[in-house]
Amino acid sequence: MKIDVLSLFPEMFEGVFGSSILKKAAEKQAVSYNVTNFRDYADNKHSTVDDYPYGGGAGMVLKAQPIFDAVEALKGHVEQTPRVVLLCPQGVRYTQRKAEEFAKEDHLIFICGHYEGYDERIREHIVTDEISIGDFVLTGGELGAMVIIDSVVRLLPGVLGNVDSPILDSYSSGLLEHPHYTRPADFRGMKVPDTLISGNHKKIDEWRMKESLRRTWNRRPDLLESYELSDVEKKLLSEIQKED
């Protein structure tokens, strides 16, 4: 996968792309990163990328020209059209499903804005996806882009050591993930559930399924509205509702 980022602050990405899983993914050649300062594409002597909005109002608006030229340069002459992602509080709320969708792409371009907003022609003519990472406003799109890129890259084949890890993550299955424990089995009198140290894998799987349902029921019951329960899960959920 090729990932391009357009940002006025490219230095913000150095630590993120040079650390942890994102760094390892690049070393494994599963992904390549490129961060471009779109100020370099400004066509005026002062390299300004923003201007006052027509009709008046507070704040400045990012001009169309620098971003259009930068995206066109990044697209080059490749046959496959990249997904161009605009980070924006007005965008569709980001989900694990969207991460899985993006992970199937060969080329992603992220546009990180600042100031009051974007010239609307950017949205209308070069953007394929408008994404928001939550119902709040950030200073710029950089942090949102980092969140999305991290969630996508970890899904690429061979990036995580355990191939089952992304499959079992919260939201990937449609439910929140079950609790985890590690040694010691007794820490300050707080003990690991007996089932997990029983060695009975059938019971362990059932425990994990039930606790995943319990956590989803208690914390995100809305997820169950679109989740198709199996007969076993229906039985377990009924037990949970009686227990809680």
Side-chain angles (χ1 to χ4, degrees), residues 3-22 33 35-39 49-64 66-67 70-71 82-103 105 108-155 166 169-177 215-227:
I3 292 179
D4 280 294
V5 181
L6 294 179
S7 169
L8 294 174
F9 302 95
E11 65 276 5
M12 290 180 67
F13 291 86
E14 293 174 4
V16 174
F17 289 163
S19 305
S20 189
I21 296 298
L22 295 187
Y33 311 109
V35 186
T36 299
N37 189 333
F38 58 86
R39 191 181 298 280
V49 295
D50 62 318
D51 209 336
Y52 294 102
Y54 278 119
M60 304 291 280
V61 175
L62 284 174
K63 299 169 65 176
I67 293 178
V71 169
R83 296 281 284 270
V84 181
V85 182
L86 188 74
L87 279 301
C88 174
Q90 301 172 25
V92 174
R93 186 182 294 182
Y94 191 61
T95 65
Q96 184 66 21
R97 292 286 175 265
K98 182 62 73 172
E100 293 166 358
E101 183 183 322
F102 283 163
E105 299 290 332
L108 298 173
I109 298 176
F110 293 88
I111 302 175
C112 305
H114 273 261
Y115 313 116
E116 181 64 23
Y118 304 92
D119 186 299
E120 190 67 18
R121 289 165 289 192
I122 295 170
R123 304 176 192 273
E124 293 176 345
H125 295 285
I126 60 174
V127 168
T128 61
D129 301 86
E130 289 188 51
I131 299 294
S132 168
I133 62 167
D135 295 340
F136 50 87
V137 179
L138 297 170
T139 305
E142 284 78 11
L143 294 176
M146 294 175 196
V147 168
I148 295 173
I149 291 168
D150 182 277
S151 69
V152 170
V153 170
R154 64 189 302 280
L155 296 175
D169 284 337
S170 291
Y171 302 109
S172 288
S173 67
L175 302 175
L176 299 185
E177 196 173 8
R215 183 154 287 184
T216 305
W217 169 252
N218 288 331
R219 301 184 182 186
R220 290 293 306 277
D222 57 294
L223 294 177
L224 294 171
E225 294 174 8
S226 58
Y227 181 81

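Nothing here was measured: the structure is a model prediction, and the numbers come from that model.
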Using a 6.0 Å cut-off, check whether atom OH of Tyr54 has over 12 heavy atoms from anything other than its own residue. no

**OP:** Start with the C-alpha distance between Val153 and Ile3, add both sets of side-chain angles, then the distance that settles side-chain contact (heavy atoms from CB on, under 4.5 Å), and finish with yes or no.
**Re:** CA-CA 10 Å; Val153 170; Ile3 292 179; 3.8 Å; yes

Residues passing the ring-ring contact (aromatic ring centres under 6.0 Å, His included) test with Phe17, sequence neighbours excluded, are Phe13, Tyr33

Residues pairing under side-chain hydrogen bond (donor to acceptor under 3.5 Å, both in side chains) where one sits in residues 7-21, two or more places apart or in two chains, turn out to be Ser7-Glu142

Does any N or O in the side chain of Thr128 come within less than 3.5 Å of the main-chain N or O of Val84, such that one atom is a donor and the other an acceptor? yes

Val16 meets the side-chain contact (heavy atoms from CB on, under 4.5 Å) criterion, sequence neighbours left out, with Leu22, Met146

Hits for salt bridge (Lys or Arg N to Asp or Glu O under 4.0 Å) against Glu101, two or more places apart or cross-chain, chain-then-number order -> Arg83, Lys98

Between Glu120 and Arg123, does any side-chain N to carboxylate O distance fall below 4.0 Å?
yes

Please determine, by modelled atom types, if Thr216 and Tyr227 share a side-chain donor-acceptor pair under 3.5 angstrom. no

In short, Ile148 meets Tyr94 closest at the heavy-atom pair CG2-OH, 3.5 Å

So CG of Leu155 and CG of Asp150: to nearest 0.5 Å the spacing works out to 9.5 Å

All heavy atoms of Ile133 vs all of Gly144, minimum pair found to be CD1-CA, 3.8 Å

* Would you check, one step at a time, whether the test side-chain contact (heavy atoms from CB on, under 4.5 Å) holds for Leu138 with Leu87? => CA-CA 10 Å; Leu138 297 170; Leu87 279 301; over 6 Å; no

Residue set satisfying side-chain hydrogen bond (donor to acceptor under 3.5 Å, both in side chains) with Tyr52, at least two apart, ordered chain then number -> none

To the nearest 0.5 Å, atom CD1 of Ile111 lies from atom CG of Asp4 at 11.0 Å

Verdict with supporting geometry, Arg215 and Leu175, side-chain contact (heavy atoms from CB on, under 4.5 Å): CA-CA 8 Å; Arg215 183 154 287 184; Leu175 302 175; over 6 Å; no

Between the CZ atom in Phe102 and the CD1 atom in Ile131, the distance rounded to the nearest 0.5 Å is 4.5 Å

Rounding to 0.5 Å, atoms CG (Asp50) and NZ (Lys63) come to a distance of 8.0 Å

Exercise. For atom CZ of Arg121, is the number of surrounding heavy atoms from other residues, nucleotides or ligands below 6.0 Å larger than 12?
Worked result: no

Validation row: Glu130, Val92 side chains within 4.5 angstrom (heavy atoms) = no

Shortest non-hydrogen pair, Val152 vs Ala99, comes out as CG2-O, 3.9 Å

Query raised in the report: Considering only heavy atoms from C-beta outward, does the side chain of Val5 approach that of Ile149 to under 4.5 Å?
Result: yes

For Arg220, the side-chain contact (heavy atoms from CB on, under 4.5 Å) test, sequence neighbours excluded, returns Tyr171, Leu176, Asp222, Leu223

One should read off an interatomic distance between Cys112 SG and Ile67 CD1, to the nearest 0.5 angstrom, of 9.5 Å

CG of Leu62 to CG of Leu8, rounded to nearest 0.5 Å, is 6.5 Å

Leu86/Asp129 under side-chain contact (heavy atoms from CB on, under 4.5 Å): CA gap, chis, key distance, verdict | CA-CA 6 Å; Leu86 188 74; Asp129 301 86; over 6 Å; no

